[in-house]
Amino acid sequence: MRDLGAGFRYLLKGQKWVGRHGRQYGFGLLPGLITLVLYAGALVALALWGSGLIDWATPFADDWADPWAGLFRGLLTAVLFALALLLCVLTFTAMTLLVGQPFYESLSERVDRDVSPDGTAPESDLPLWRELWISARDSLRIVARAAVWAVLLFALGFVPVAGQTVVPVIGLFVTGFFLTEELTAVALQRRGVEVRERLALLRSRKTLVWGFGTPLALAFLVPFVAVFLMPGAVAGATLMARDLTGEETEDGDGAAKRQEDVSAP
């Protein structure tokens, strides 16, 4: 249970860190806003033309008597939209991190320097294009795993009672795990930790991961909240990555204050 509370504290510390660094926070908002616009456009398009897509995909229902064809296709349209919405929640972080790789890489490095006893941060020797390729490749792997879970949980949602009580809770924990994996990947990738190693590392501290990711997943269900929490989530995930890799971390308050004093005119 101690790890559960520690994970939540990392989430709060990350939000506190970006609150003290306004410029980093401002730049960190841009990728989330871009991704939000793209996802909103896709959902609007699905809402407008989803019923037509279902009509095209179910020609066998053309000869059904009223009202069964309409009810059947209406149900399928609702299921399609709900599944698309769930996938948007599960993949929003991965897409935002992909769009904002340079922004979040810089933010994560700044956090590392801020809390490191010697003021340094692990750096990747790879060129930017290579980092982007690795990030995209790993994100696709995680999104594929998340999609399998999404379909499974969506199907279980039709189970009476459990589908409306237990399954949503499990869904939040699963979403929280994948959110944490994507967020910690920013810091762990710079340290040369491959995706399989990252997953093993996170599974070894599941309660820490759930303490960080589950409240974040719950917050992300509120429209637009994900955009504003993303910079702080990356900062908090960097702090947690240091914990997972056993790196020494100083209290960020003093270090941050000294940096701001030095940079002040």
Side-chain angles (χ1 to χ4, degrees), residues 7-43 85-115 121 131-132 134-136 138-140 142-143 146 172-190 198 202 208-244 252 256:
F8 185 64
R9 285 193 295 274
Y10 281 131
L11 180 60
L12 296 180
K13 286 180 180 179
Q15 302 303 324
K16 183 179 178 182
W17 191 94
V18 295
R20 294 195 307 262
H21 299 78
R23 181 176 296 181
Q24 294 285 329
Y25 179 67
F27 281 120
L29 289 177
L30 294 176
L33 290 171
I34 294 171
T35 306
L36 180 64
V37 170
L38 293 174
Y39 273 34
L43 289 174
L85 188 61
L86 180 59
L87 286 175
C88 283
V89 172
L90 287 172
T91 61
F92 181 86
T93 301
M95 184 60 68
T96 303
L97 291 174
L98 184 60
V99 171
Q101 177 75 12
F103 297 95
Y104 294 134
E105 192 75 24
S106 174
L107 189 154
S108 180
E109 285 187 22
R110 179 75 184 273
V111 173
D112 267 324
R113 291 194 185 97
D114 196 33
V115 300
E131 290 183 358
L132 289 172
I134 293 174
S135 179
D138 291 349
S139 292
L140 284 175
I142 297 302
V143 166
L172 276 177
F173 278 89
V174 171
T175 304
F177 181 90
F178 284 116
L179 281 177
T180 305
E181 195 288 328
E182 289 289 347
L183 291 164
T184 52
V186 178
L188 293 175
Q189 187 176 310
R190 276 191 292 110
R198 292 202 302 266
L202 293 173
L208 180 71
V209 171
W210 288 333
F212 180 91
T214 305
L216 190 62
L218 189 61
F220 275 18
L221 293 175
V222 181
F224 309 116
V225 166
V227 174
F228 298 101
L229 292 184
M230 273 296 292
V234 172
T238 301
L239 296 173
M240 192 169 72
R242 297 181 65 87
D243 183 355
L244 289 168

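As the structure is a prediction and not an experimental result, all values here were calculated from the model.
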**Request:** Kindly say whether W17 contributes a backbone atom to a donor-acceptor pair with the side chain of Y25 at under 3.5 angstrom?
**Result:** no
Mind jotting down which residue pairs meet the salt bridge (charged side-chain N to carboxylate O under 4.0 Å, His left out) criterion with at least one end in [range]? Sequence neighbours excluded, please.
range	answer
residues 209-222	none
residues 233-244	D112-R242, R205-D243, R242-E247
residues 29-42	none

Determine the minimum heavy-atom distance between [X] and [Y], stating which atoms define it.
X	Y	answer
L239	G14	CD1-N, 4.4 Å
G176	A217	N-CB, 3.9 Å
L107	Q24	CA-OE1, 3.5 Å
Q15	A233	NE2-N, 3.2 Å
Y104	P231	CE2-CA, 4.5 Å
L179	L216	CD1-C, 4.2 Å

What residues form a side-chain contact (heavy atoms from CB on, under 4.5 Å) with [X], not counting sequence neighbours?
X	answer
A237	L183, T184, F212
F27	R23, L30, F103
I34	L38, V99
Y39	T35, C88, T91, F92, M95

Does [X] reach the side chain of [Y], with side-chain heavy atoms less than 4.5 Å apart?
X	Y	result
K13	V115	no
L244	L208	yes
M230	L29	no

**Item:** Rounded distance (nearest 0.5 Å) linking atom CZ of R198 with atom CG of L202
**Value:** 8.5 Å
**Message:** Distance check, rounded to the nearest 0.5 Å: R190 atom CZ versus E105 atom CD?
**Reply:**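 Nearest 0.5 Å value for the CZ-CD distance: 5.5 Å.
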**Message:** Can you list everything that forms a side chain to side chain donor-acceptor pair (under 3.5 Å) with T238? Sequence neighbours excluded, please.
**Reply:**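 Once residues adjacent in sequence are excluded, the partners of T238 under the side chain to side chain donor-acceptor pair (under 3.5 Å) criterion are S108.
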**Request:** Please collect all side chain to side chain donor-acceptor pair (under 3.5 Å) contacts where either partner lies in residues 210-222, sequence neighbours excluded, each pair once.
**Result:** none
